[in-house]
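First the structure, in the form of structure tokens, and then the observations on it.
Side-chain atoms are counted along with the backbone in the values below, which use heavy atoms only and exclude waters and symmetry mates. Here is the naming used below: chain letters follow the sequence lines, and residue numbers restart at 1 for every chain. This is a predicted model, so every value here is computed, not measured.
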Protein chains: 2
Amino acid sequence: MTSIVRPARPPQPTLEMVAEVAGVSRATVSRVVNGSTKVSPEILASVTTAIKELNYVPNRAARSLASRQTQAVALVVPEDLTRFFGDPYFAAIVQGITRRLEQSDFTLNLMVASSDPRHKTLRYLRSGNVDGALIVSHHAGDEFVAELETSMPVVFGGRPSNADDLGAYFVDVDNEAGAVTGTQRLIDIGRRRIGSITGPIDMPAGIDRLSGFVRTLERVEMPADAVEHADFTASGAAAATRRLLGRCPEVDGIFVASDLMATGALDVLREYGRSVPGDVAIVGYDDSPAATSGPIPLTTVSQPSEEMGYAMADILLRLLAGDEKVPHRTIMPTRLVLRDSA
Amino acid sequence: MTSIVRPARPPQPTLEMVAEVAGVSRATVSRVVNGSTKVSPEILASVTTAIKELNYVPNRAARSLASRQTQAVALVVPEDLTRFFGDPYFAAIVQGITRRLEQSDFTLNLMVASSDPRHKTLRYLRSGNVDGALIVSHHAGDEFVAELETSMPVVFGGRPSNADDLGAYFVDVDNEAGAVTGTQRLIDIGRRRIGSITGPIDMPAGIDRLSGFVRTLERVEMPADAVEHADFTASGAAAATRRLLGRCPEVDGIFVASDLMATGALDVLREYGRSVPGDVAIVGYDDSPAATSGPIPLTTVSQPSEEMGYAMADILLRLLAGDEKVPHRTIMPTRLVLRDSA
DNA sequence: TTGTATGCGTTATCAT
DNA sequence: ATGATAACGCATACAA
């Protein structure tokens, strides 16, 4: 017979206990807690006192069970943790979401879930932990999303793959137009052999930026064959750059589909002894901190990532509030930011 | 009178509905869901079928209310998002925690909470959302922790400030010993005027690394006055490096209390035209990706951050399982990793 | 304005 | 092995 070593934790106070101390009914305490106006000043005072005295905090599970809502939303990121932490783009998105959520009493659940079987994530979401979901970095294969949409409102960061799904809500930029601007810059500064390091071709952002690139070169009758695919990581981009340089050594301008990838390209270029922008001009995408953290400040297509996060959260909150006229697509502007690399 | 535009979401199936379909009682379904062995094969089969058919997922709120546990733990980081995403140290910690949690059926709630009033975080935690908490980057002023410990098991990453709190569980390295090793390296390679960029002096990690630095220099009768405090950010370290260089231009070796800060110092050194390690040798701390991402690979004091995260989660899980003989302090080893900067 | 009663979807304690 | 039935802590429709 052993004694319990762990310090005994006092039971959390309940509504009922507060009611008893304040000498009122549970319902009244509930009203006070939920800020109902229909409560007399004296009772309000005594209940408030009792709450302070007991250090009462409402139990979420009970509240959620009774009210059928959780006051929480999830941010689902179908990527592994390394990518999530490695790309400042995600930091900006989270920042924006957080900024919006702080104005409400919703909390955010981060679900970075690729090593995790998607199935587990879906289970978690569907088990009533959150009222709605935000999804970024959505890949074509992620069909679990469809199922998710049947059980709660969902807002995407970046147009989802199945564009036919007209019911989807998303916040995005015109990726193709952004790519056109970025590519055009390379043409404007006189580059004649222009290549591209693309994002994953299973993501609309990757596809659209590539097609903007191709379209621009075709318009001026330049070859658009110096293209290598990568995965939005610096190391993936480095490898792609090596391939590109091997296949097409005369390249003098590269449109890279993200700033983080551009840093990888920069490293390889340095390794090969090519100066930037002298020998090779580089245009990135995102205008994330990665654009200015390296030795060569990047010329880049700026997208308002933080604002996009904010907008995503805002739309989801409106959806949850039952707002009927929320726009399905929110397109935000891009602009070219000129720095040193092109 | 307007019609509802939002797609009607079918109600989530409940235990009761499954029971009805399977032709058994709720209790039996519950047993199946929770993997009880005491259920006959035929019934197990029919219930399993019904669950699949209805696509049933247990409701967390109800389960948590009845069982009085949530199967979730929180990682509390009292820093702002920028710092959280900016320092690879946190990525490693989260990685380790996740790796451990994936082996259990606990989920992780990330709470990065400095802009957020600490109060709000505490409320969230105390409202029964999690069974236990992990806390990293704990500052001296964070007294909210004490209150948290009264309501759930808590494990710290890094020794908490109030070391008198003998009841606390934590995972750490011997920061002072690590600093000794790092500083000694600078002495060993012949540096005669050695300075340090420290972490925040309201954190044990900052204090201990500083005292290791000081102790080492005093032992060889070198002055330990070339010290500037910073905040574990690259920009903070850059500013501190400028101060240091201004005050003590003859410095030829710097012990920097984190790799991320070392990258900031490196930038300033380059700006001042000092070569590394030629003019100034640099030793960092952490051995995080920041140590190898820049142009000059850093010699650094390596700590097993990912393993520390894993250990933290492991300890918390054991605590939650009622394990009585979990060690209060877990100290992990550091080692000097030699690269180019010193 | 306040209180009473019922239900939210589970788990757990009893019977059987 | 299975089934009633009582909590769990709260919100809410309804009654007073």
Problem set entry | Phosphate-side-chain proximity, B:N59 and C:dC8, N/O vs OP1/OP2 below 4.0 Å | no
Problem set entry | Pair A:S127-A:N129, side-chain hydrogen bond (donor to acceptor under 3.5 Å, both in side chains): steps then yes or no | CA-CA 6 Å; A:S127 67; A:N129 272 307; 3.2 Å; yes
Exercise. Contact class for B:R68 vs. all strands (heavy atom < 4.0 Å): base, sugar-phosphate, or nothing?
Worked result: sugar-phosphate
Problem set entry | From C:dT13, C:dT6, C:dT4, nucleotide with atom closest to B:R31 side chain | C:dT13
For this session: Measure from CG on A:L65 to P on D:dT12 and round the result to the nearest Å.
Result: 12 Å
For this session: Please state whether the phosphate of C:dG9, meaning OP1 or OP2, lies under 4.0 angstrom from any side-chain nitrogen or oxygen of B:R63.
Result: no
For this session: For B:V24, report the nucleic acid contact type (base, sugar-phosphate, nothing); a contact means any heavy atom under 4.0 Å.
Result: sugar-phosphate
For this session: Look at the side-chain N and O atoms of A:S40 and state whether any lies under 4.0 Å from the OP1 or OP2 oxygen of C:dT2.
Result: yes
Exercise. Can you tell me how far C1' of D:dC10 sits from CD of A:Q69, to the nearest Å?
Worked result: 13 Å
Exercise. Between B:S25 and D:dA4, does any side-chain N or O lie under 4.0 Å from OP1 or OP2?
Worked result: no
Exercise. Has A:T14 got a side-chain N or O lying under 4.0 Å from the OP1 or OP2 atom of D:dG9?
Worked result: no
For this session: With rounding to the nearest 0.5 Å, note down the distance linking CE in A:M203 to NE2 in A:H139.
Result: 4.5 Å
Exercise. More than 12 non-hydrogen atoms from neighbouring residues, nucleotides or ligands closer than 6.0 Å to CD on A:Q12, yes or no?
Worked result: yes
For this session: Mark yes or no for whether A:N109, through its side chain, and A:V73, through its backbone, hold a donor-acceptor pair below 3.5 Å.
Result: no
Problem set entry | Atom-to-atom span, CD of A:E16 to P of D:dA11 - whole angstrom | 13 Å
Seminar exercise, completed: From NZ of B:K38 across to P of D:dT2 the rounded distance in Å is 12 Å
Problem set entry | Between C:dT2 (C1') and A:L44 (CG): distance, integer Å | 14 Å
Seminar exercise, completed: To the nearest angstrom, the CG-C1' distance between B:L15 and C:dG9 comes to 7 Å
Problem set entry | A:T49 versus A:S46, side-chain donor and acceptor atoms under 3.5 Å | no
Seminar exercise, completed: Among the nucleotides D:dA1, C:dT10, D:dG3, whichever has the atom closest to the side chain of B:A62 is C:dT10
Problem set entry | Minimum-distance nucleotide (side-chain atoms of B:S67 versus C:dT11, D:dA11, C:dT2) | C:dT11
Problem set entry | Whichever of B:A27 and B:A66 has its nearest DNA chain D nucleotide further upstream toward 5' | B:A27
Exercise. Which of these nucleotides, C:dT1, D:dT5, C:dG9, is closest to any side-chain atom of B:R26?
Worked result: D:dT5
For this session: Check every strand shown and say whether A:S30 touches a base, only sugar-phosphate, or nothing at a heavy-atom separation below 4.0 Å.
Result: base
